[in-house]
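Here's the structure, in structure tokens; my notes come after.
Below, read A as the first sequence line, B as the second, and so on, with proteins coming before strands; counting in each chain starts at 1. A quick note: this is a predicted structure, and the numbers were derived from the prediction, not measured. As a basis for the values below, the full set of heavy atoms in this structure was taken, side chains included, without hydrogen atoms, waters or symmetry mates.
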Number of protein chains: 4
Amino acid sequence: MDDQDLSPGQRQKSSAILAATRTHFATRGFEPTKLSEVARDAGVAVGTIYLRYSSKAELLAELLAELLAGVEAAFYDAVGTGDIGATPFPERFALIASAVLETARAQPDLPALMALSAFAAPATATPKLAMIGVMEQQLREGIKTGALRPDVDAKLVAHMAHGMVESAMREIMANPTRAPQEIVQHSADAYARWLLAS
Amino acid sequence: MDDQDLSPGQRQKSSAILAATRTHFATRGFEPTKLSEVARDAGVAVGTIYLRYSSKAELLAELLAELLAGVEAAFYDAVGTGDIGATPFPERFALIASAVLETARAQPDLPALMALSAFAAPATATPKLAMIGVMEQQLREGIKTGALRPDVDAKLVAHMAHGMVESAMREIMANPTRAPQEIVQHSADAYARWLLAS
Amino acid sequence: MDDQDLSPGQRQKSSAILAATRTHFATRGFEPTKLSEVARDAGVAVGTIYLRYSSKAELLAELLAELLAGVEAAFYDAVGTGDIGATPFPERFALIASAVLETARAQPDLPALMALSAFAAPATATPKLAMIGVMEQQLREGIKTGALRPDVDAKLVAHMAHGMVESAMREIMANPTRAPQEIVQHSADAYARWLLAS
Amino acid sequence: MDDQDLSPGQRQKSSAILAATRTHFATRGFEPTKLSEVARDAGVAVGTIYLRYSSKAELLAELLAELLAGVEAAFYDAVGTGDIGATPFPERFALIASAVLETARAQPDLPALMALSAFAAPATATPKLAMIGVMEQQLREGIKTGALRPDVDAKLVAHMAHGMVESAMREIMANPTRAPQEIVQHSADAYARWLLAS
DNA sequence: AATGAATGAGAGTTCATTCAT
DNA sequence: GATGAATGAACTCTCATTCAT
């Protein structure tokens, strides 16, 4: 469970296990995932999994924890690249929409995996996705500075704005002829008309 | 499998089976659902389930098919109450948002159940939710009549608009102090600013 | 778990399971006993065992409970046949020794099985074997009536007297050329010389 | 496997392994004993056990062999302290009973360990406990010299006499308020009345 | 010689499915 | 048609044993 004190070979095996687990959990779900197949795909023996994770549920918990940390980092990375604080609002929407999109694209199996959190070992409660929190904060700032309409519920709008991109994302994934940029454009446009103060 | 040739008692048993199945699948998922418990809750013997459905997967397929038909009907009912065709556009958005909301509220287990479609017998491919189709059609009509902006992708927008309400819906469900009408107001407002032609 | 409400066929299967279990537990012990082999020897499927006993430990508990009831009955039967209360003491010893011997002979796997009680489901604590209690009571009566020496500890002597027969029994079992009556004779003789008052 | 050619450090490790093994086998039994725990308690790695003993069964065999040698020595030590050959018979019984008692007290885990011999590597057949052999020999000598009754089967009596002490021993162990000397007194007294020639 | 991570066969247990009643 | 006892394949998890370090 601790990444401390592991040889490179061990760390690599842990990664392989987590990677194989991720694929199986995301595509099949918790119960249908067979540890024997996970082990085979990870190139280790079943017992090796149990050297690191004490049960299937703990394996999921570990995976979710790692995932969440990654998502948070990825989202801040994506948002950060635009130096968002200094960007005025119509453009800022495009940056946020783009960041959500990129994060979701980088982890397309995230919704499927988060849906499994009920099976995880107790410790890992489903955490609120970081992205929605950031959106809400951006909205509040925009409202305070007068750039955005004051007559909306920031939290609810954050959820709605996120759901918008997520849903569009799903349509894009299912329909490979579409360009992902369409989402950014449509979303930024929607945000601007919907939320700008003027 | 055929609703033909069934006595009232038999039809009633089929209903009880599907109802119990629905509860179990929605709250536990596919694999964790035990047919023995479904049978007990339906007040029949396990074997009786197999007289009507040839496997657990087929039982799910049957349930999903019935569900979809119901959702479609419910959505048209909800939209229809406003005589939507005659309603001008800013108000029409509120009607649609309200219909989506009502339909979702009436079938809160729908997302959980639809998520199981991968387990269903092959025949039942995941069907497009009827609501999104209706939205798209409404948008196309609005665009054609000049009420709505022509520079948007109707299909993508339908998905985004639906995702918006769905996501808000989830926030409402998790936060019981909020009033569902907030969603209708916020959504209709967002749709109007985002999509109206002017 | 309840013998009530079982068809003859079911009762017969339960017996077969318990019989096969007994053989395996007695000859191999708890852990080495495989339920798959028990099932095979009982002529049922593994799952059938679990219809009646919720775990391997519960199966053992059930077996021990049945065994104890049987032993107690057998011992009282054996002692009872000689109308022991009316028999004077030198002969009474022979009756008791004979009863212990018969009981032990009828259940030669008893010590091996009782030794497993630590593995049984919690409810079944190891009960004191009935035989020793009866011996002690016989000794007290003999002492009170003056037939037996008063300067011995009845309880300790009961244990010693029982250990004597049990140990001899083991030697007899291991050595098939010996006649079991030797034990009765030797034991009754030993008891008489050791314990009679005169 | 050979005690030859071992450095003091190695010999010490072997001892630690056997000691830990003994505790585990005696308190838990064969199958439930985990070599990983034995290794941990012995302060060595699992692999180190396999440098000395080729399997779990062989480890048990080795332990039993050492144990038997120890018991034999202990019994002769205990008997020998009384210069038994020269002691006349009524007293000789007390010495023997005392020796059996002492030996059993010094190795209270012996019965539990001997019971495992079925699991031991084939080579190690269950060995006759040395004490019974010595008893038998003492009885034969007593009979030959006329000190003891000639009309008893020396071997059977040896078993009975030993079972007597062993059974009393168990009662004493379970009942801590009793004094162990009671056993010696009761046993010697029983032996005398039962077996002396007069 | 010593280590302990890795292995994988095999255990107990569950539950969809069957079929005699 | 309805039942539910019976089935046995397949799951998760354990641990004696091996072997690269």
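- In this structure, C/K13 reaches the F/dA6 phosphate: one of its side-chain N or O atoms is under 4.0 Å from OP1 or OP2.
- The side-chain heavy atoms of B/L59 and B/I17, taken from C-beta on, include a pair separated by under 4.5 Å.
- At distances below 3.5 Å, not a single donor-acceptor pair connects side-chain atoms of D/K13 with backbone N or O atoms of D/P8.
- Between D/R52 and E/dA2 there is a side-chain N or O to OP1 or OP2 distance below 4.0 Å.
- A side-chain donor from one of D/R52 and D/S14 sits under 3.5 Å from a side-chain acceptor of the other.
- Atom CD1 of B/I17 and atom C1' of F/dT3 are 13 Å apart (whole Å).
- Between A/F25 atom CZ and F/dT12 atom C1' there is a gap of 12 Å when expressed in whole angstrom units.
- Straight-line distance from the CZ atom of C/R28 to the P atom of E/dG12: 12 Å, rounded to whole Å.
- If you take CD of D/E37 and P of F/dC15, they are 8 Å apart, rounded to a whole angstrom.
- Between the D/T23 side chain and the D/A19 main chain, a donor and an acceptor come within less than 3.5 Å of each other.
- If you take CG of A/L51 and C1' of F/dT14, they are 11 Å apart, rounded to a whole angstrom.
- For the pair A/A26 and A/D109, the tightest heavy-atom approach, listed with the atom from each and the gap, is CB-CB, 3.5 Å.
- D/R11 has its CZ atom 15 Å from the P atom of E/dA1, to the nearest Å.
- The closest side-chain heavy-atom distance from A/R28 to A/E37 is below 4.5 Å.
- Annotation: side chain of A/P32 is not in contact with side chain of B/F30 (no heavy-atom distance under 4.5 Å).
- Taking each heavy atom of A/R22 and A/L63 in turn, the nearest pair found is CA-CD2, 3.7 Å.
- C/Q10 has its CD atom 11 Å from the P atom of F/dT7, to the nearest Å.
- No side-chain donor-acceptor contact under 3.5 Å links B/E58 to the backbone of B/S55.
- Base pairing in DNA chain E gives the following stems of 3 or more Watson-Crick or G-U pairs, range against range and under 3.5 Å: E:2-21 with F:2-21.
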With sugar-phosphate taken as primed atoms, P, OP1 and OP2 and all else as base, the protein-contact string of nucleotides 13-21 of chain E at under 4.0 Å (heavy atoms; B, S, -) is BBSSBB---
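- A straight line from CZ of C/R40 to C1' of F/dA6 spans 19 Å, rounded to a whole angstrom.
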